[in-house]
Every structure is written in structure tokens, then in C-alpha cells.
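Input: a single structure, listed below in C-alpha cells.
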Amino acid sequence: MKEETTENAILIGCHTADQDDQTFESSIEELESLAFTVDANVLEIFVQNRDKVHSSLYIGTGKVEEIKAYIDEHDADIAIINNELSPSQSRNLEEKLEIKILDRTQLILDIFAMRARTKEGKLQVELAQLQYLLPRLHGQGTALSRLGGGIGTRGPGETKLETDQRHIRRRITEIKRSLDQVAKQRNQYRERRKKNAAFQISIVGYTNAGKSTIFNFLSDTQSLAEDKLFATLDPMTRKITLPSGFQPLISDTVGFIQELPTTLIAAFRSTLEEVVEADFILHVVDASNEQSVEQEKTVYKILDELGAGDIPMLTVYNKSDLLADDFIPYSTPHTLMSAIRNEDYTKLQLAIEKALKSEWEPYDIKLESSEGKLINKLKRETILEEEEFTEEDETYLVKGFVSEHSPLYLSITKR
């Protein structure tokens, strides 16, 4: 007997002529991982090859009949579709298959609703869900009455049908107003950070690449890190200390995914803005994943769309303990590590410093012994490599590297 919390699911994908085999297969694997994240029990995966998706049913009528026969024989509760369906496709499939239909976007929205922790995160999820629901309200009576809880009903998905279009539009306006207020506060916080000369590193990467595990170790924090997709939604920022003494801020961000719904990119702008505002990016890749190069390309594409494509970056190939000896990195500069090996974190920290030094300006200056405050500042805000005290003239010779955006840059380089 199955647990009440588990729903039996079938997955349905339509492989169209414009999609290569590898991309399609990885999207199906990803859909399976998304289903696992909501604790669905995947009974079967149905795939149909077509020139293009069926305009009213997504898949052809013969395939629909085959799936209906399977549903009648097995205890399936839900069909999860590998694309975003139009309102009519969703309605028609629901009528034919007589079980709950959830498309890829709804599934991701459901996971986001499950993961959101902060008030802002919850508002962003609600906004994305309502924007998705609005054009689909017509004819949702049977669909919503059949939901009755389970996958796809978290957050505003539970709203009764009395939530008419006017009410939803009003709520969308309210949420946008609240989020604008939060965005203003976040901007003020960022401005303060810039005034305080805080160097900002953002961790980005495909969902489930190991970003939060690495963030936790570097920052000595316990944020949520588990082997499921989208474990991190709300941005978290901490100060860290690198081996040289340099103290940047580091932020963990939401994971990227193929075909991340545009409503979600818009809704989670606060998390993604951390990336745009970054001085340096740590791009974490699950190097053991067969689709790792495709995943890297997806991340680059999203970074370009965000306007963060030119920010200096170090690619961190994680899960090196699972790699074959012939692994060839796609990106440079890079470092290999395993997030489960403590000794690899020193290697990672040194790789970060090496990458920063290649971007920064070297300095070599003499300071009076009375300038101890400045030396301490150099230790925290630059990468200080040498500090030598000369007794004869009581001066310090200091060498290191400084970011040209640092407030210390001019005072150091003008000496």
C-alpha cells in the first residue's frame, strides 16, 4: 500500500524534429529528477516522436489511447508533461486521460512553493503561480476539483475557484508592490555594501551541482543542502576569509535549469540580481553528469540574458571523485574538487585567489610603521602576498594584488 504522501506519476514527453536526441534525453532525465524532488513515484515514461507537438493534445490521439489504457491498468494519480502546455492542451488531456495533468512549468512552480522560506521568496512564488494561472482559469472547474491536494497544489494552487480574474489581477498588483518595496531595501543594502567596499562573489550553476554544500563549507553556514533540485531559493550572503586574509562576501543563488520558465526568472530577480551585482562568479558544475557541457552552456546563456556574461569567473568542476581520468574541462580558468573531501576546500580557496590575481593589479609599496591600520585594511580588502619589516628605517614592504574597483586602489597605486 502506497504512502499517502506519495503520488504515482507517469511522465510524457514529445520529441520534436527541432530538438536533438541528447537535449531531449537530458530534459526527460531532468523531468524525472523534478518528479523525484516532489516525492512522486514514477511508474512509466512515455515518449512520442513527432514533427511538432499536437496542437490540441500535445501528443497524438493514438498515443493518448495507449497511455489511457496504461492508466486504467495501473494506479496512476498524475501525468507530468515535459513541456509547458497551452490551457486548451491541458484541458483536453485532462478530459481524455481522466487524471491530474501537470506540465513542466507547474511542477517547477510547485517545487519553488515547497522550497521558499522567506516572505519575499513566498511572494515571488505566488506571483509566478498567479501569472501562470490567470490565462488558464477558464474551464478549470473539473481540473481544480480533482486536485484535492498533492503535487501541484502548494501555495496559491490551493486557492478555490472563486478566485476570479479580477481578484487574481488585484493580488498580482499587491505582490508586485510588496516586491518593489523589498527590491528598494535590497538596493539600499547593496549600495551600503559598495560604500563599504565589500567584494562580492556569487555562486552559480545548474541546480543540484553542489553549490550549497560548497557555500556552507566556505562560509561555515548551515543552509539547506540536499540531493534534490532547487534546494536553495532565497539568496544568502556571508563573509568569508580566504588563505591570504582577504575577506569577500559570498552569495548562494537559485540553481539554473533547461527551459527555466520566464515567469520564474522574472519572479526570482532578487536572487538573480545577486549574480548581476557580483564582482566575481564561482560557476559550480557537476562534472560527473553526462550532460555537464550542455548544463554549462545553459548557465552561460542565462548569465548572458541577465547581463552578467562579462563578470570574471572560475569554473569549479565538482564531484571529481566520480570522474574518469580522461575528463576534459570545457571552461577555463577552472579547478577540480569534490565537495565531500575537506582537503579540496583549501585547493578551491587558493584557486579563487589565483583567478582573482590574474584579474587584479599587482602592488609593491613601502609603508611607515605608523600605518598599521592601512596594513590591516590591505590584509582584509586585497590579496596580501608579502609583508616584510625593515628595522633600519622602520618600514614595511608589502606586496600583493588589488581590484581596480577597490577604494584602496588609487591610494596604493599612487604611492
| query | Which atoms form the tightest heavy-atom contact between Gln106 and Ile101, and what is the distance? | reply | OE1-O, 3.9 Å
| message | Pairing donors with acceptors under 3.5 angstrom, does anything connect the side chains of Tyr206 and Glu294? | response | no
| remark: In short, ring-ring contact (aromatic ring centres under 6.0 Å, His included) pairs touching residues 39-85 with sequence neighbours left out are Phe46-Tyr70, Tyr70-His74
| said: Checking side-chain polar atoms at under 3.5 Å, does Asp286 have a donor or acceptor matched by the opposite partner on Ser292? | reply: no
| Residue Glu290 excluded, over 12 heavy atoms near CD under 6.0 Å | no
| field | Any donor-acceptor N or O pair under 3.5 Å, side chains Arg104, Asn83 | value | no
| task | Ignoring hydrogens and angles, state whether a donor on the side chain of Thr6 or Asp39 is under 3.5 Å from an acceptor on the partner side chain. | result | no
| said: My understanding is that only residues two or more places apart in sequence, or in another chain, count here; which of them pass salt bridge (charged side-chain N to carboxylate O under 4.0 Å, His left out) with Arg171? | reply: Glu126, Glu174
| request: Would you check if the side chain of Gln48 reaches a backbone N or O of Gly60 as a donor-acceptor pair within less than 3.5 Å? | output: yes
| said: Under the criterion ring pair (Phe, Tyr, Trp, His ring centres under 6.0 Å), I'd like the reasoning laid out for Phe199 against Trp360: C-alpha separation, chi angles, the key distance, then a yes or no. | reply: CA-CA 12 Å; Phe199 189 86; Trp360 290 4; 5.3 Å; yes
| request: Would you check if there is a donor-acceptor pair between the side chains of Ser320 and Arg341 at a distance under 3.5 Å? | output: yes
| Residues Ser251 and Ser202: side-chain donor-acceptor under 3.5 angstrom | no
| Tell me, which pairs form a salt bridge (charged side-chain N to carboxylate O under 4.0 Å, His left out) where one or both residues lie in residues 46-69, sequence neighbours left out? | Lys63-Glu66, Lys68-Asp72, Lys68-Glu98
| Do the side-chain N and O atoms of Asn216 and Thr213 include a donor-acceptor pair separated by under 3.5 angstrom? | no
